[in-house]
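Taking it in order: structure first as structure tokens, then the write-up.
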Amino acid sequence: MSKAQDARLREIMASFVRHMHEFAREVRLTEDEFEFGVDFLNRIGQATNDAHNEGILFSDSIGFSTLVCLLNNGGHGATETAAALLGPFWRMHSPVTQNGGSIVRSETPGAALFIECRITDPDGVPLAGVEVDVWQASPVGLYENQDPMQTDMNLRGKFTSDTDGRIWFRSVKPAGYPVPTDGPVGDLLRAQMRHPYRPAHLHFLCFKPGFKTLITQVFVDDDEHLESDVVFGVTRHLVGDFRQGTGTPPADDVTGPWFKLNYTFVMEEGEAKLPIPPIR
Ligand code: BEZ
Ligand code: FE
């Protein structure tokens, strides 16, 4: 590698090779296990397409995505952070939606949820003009691209924070869901005797030039899988306060129970960069 031009490539590959060799020595990897491992990697590639990213799912399921997230946020891992893993379901070009609007775009049974978020800098100063992408699973635990009953882009939207750094919108209370288990990652989870569930959550991606793009999730506080998220995404900081509403609901058409979520995101200074969308 000494001739490679890119110093960072040399550093990463030298370390990677060292750790791979050390790993094989530590577990005394057999030839059969080696073949099995290569086949597993190949199957990850074969299971990946425009609508599904098994590579990210594998990284998520072994806690690697969360580790990389925590190493790169919160003052490069020094402090608590509001960031969490992206996951495989973010899509570019979510429908631009006005504050006060709804991201329920086709009939979606479930409890109404009214969300208000504030976005501030580390000193608590409100940030106006932050573009906030939101995406979530439905109350049956499916993203729109997994569910023929939902219209394209249902439960996805893009908002812009007002002069007080606020966005607000209507949705439905999400449910937890199993990650896709019909590929090699599912085989691995079964072999490990692990359940495949994520606790219910909403995803947020906050983008504003001059600030590090904040990718995160807010979790529903009564979910039974908060302590055992299959992809290790939950931190105490990210558990939201989902209050059941009392009195007159904020909209006339709300019939059953409804909920409110208020949450504040703190963006760090840094580079505003969008991730590569895992799916189209
Ligand atoms: C998600 O939250 O969308 C997700 C994250 C990791 C794996 C699967 C789904
Ligand atoms: Fe999710």
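What's counted below: heavy atoms across the whole structure, side chains too, no hydrogens, waters or symmetry copies. Nothing fancy with the numbering, it's 1 onward along the sequence. One-based numbering, in listed order, for ligands and for the atoms of each.
For ligand 1, the atoms lying closer than 4.0 Å to a non-hydrogen atom of His203 are 1 (C), 2 (O), 3 (O). Within the listing of ligand 1, atoms 6 (C), 7 (C) sit less than 4.0 angstrom from a heavy atom of Val231. Ligand 1 places these atoms under 4.0 Å from at least one heavy atom of Val179: 7 (C), 8 (C).
Considering just the N/O/S atoms of His201, the one nearest the Fe ion (ligand 2) carries the name NE2.
Atom CG of Leu85 and atom OG of Ser59 lie 8.0 Å apart (nearest 0.5 Å). Between the CD1 atom of Ile119 and the CG atom of Asp162 there is a distance of 9.0 Å, given to the nearest 0.5 Å.
In this structure, Asn145 and Ala51 approach most closely via the heavy-atom pair ND2-O, 4.2 Å. Smallest separation of non-hydrogen atoms from Pro88 and Asp60: CD-OD2, 4.1 Å.
Here Tyr143 meets the criterion, with an N, O or S atom under 2.8 Å of the Fe ion (ligand 2). With 2.8 Å as the limit, Tyr177 counts as an N, O or S neighbour of the Fe ion (ligand 2).
Ring-plane geometry between Phe159 and Phe169 is classed as parallel, the angle between the planes falling under 30 degrees on a 0 to 90 degree scale with a further cut at 60. Taking the six-membered ring where tryptophan is involved, the planes of Tyr143 and His201 are tilted, since the angle between them lies from 30° to 60°.
Looking at Leu57 against ligand 1, only its side chain comes within 4.0 Å, counting heavy atoms. When heavy-atom distances to ligand 1 are checked against a 4.0 Å cut-off, Tyr177 comes that close only through its side chain, counted from C-beta outward.
Nearest residue to atom 9 (C) of ligand 1 from Ala200, Pro88, Gly87 is Pro88 (criterion: closest heavy atom).
Ion pairing between a basic and an acidic side chain is recognised when a charged N comes within 4.0 Å of a carboxylate O; Lys173 and Asp222 show such pairing. The pair Asp121-Lys208 fails the salt-bridge criterion, with no side-chain N (NZ, NE, NH1 or NH2) lying under 4.0 Å from an Asp/Glu carboxylate O.
Nearest protein heavy-atom contact of atom 7 (C) of ligand 1 is Asp60 OD2, 3.3 Å. Among protein heavy atoms, atom 2 (O) of ligand 1 sits closest to Arg198 NH1, 2.5 Å.
Within the 4.0 Å heavy-atom cutoff, Trp135 does not count among the residues contacting ligand 1.
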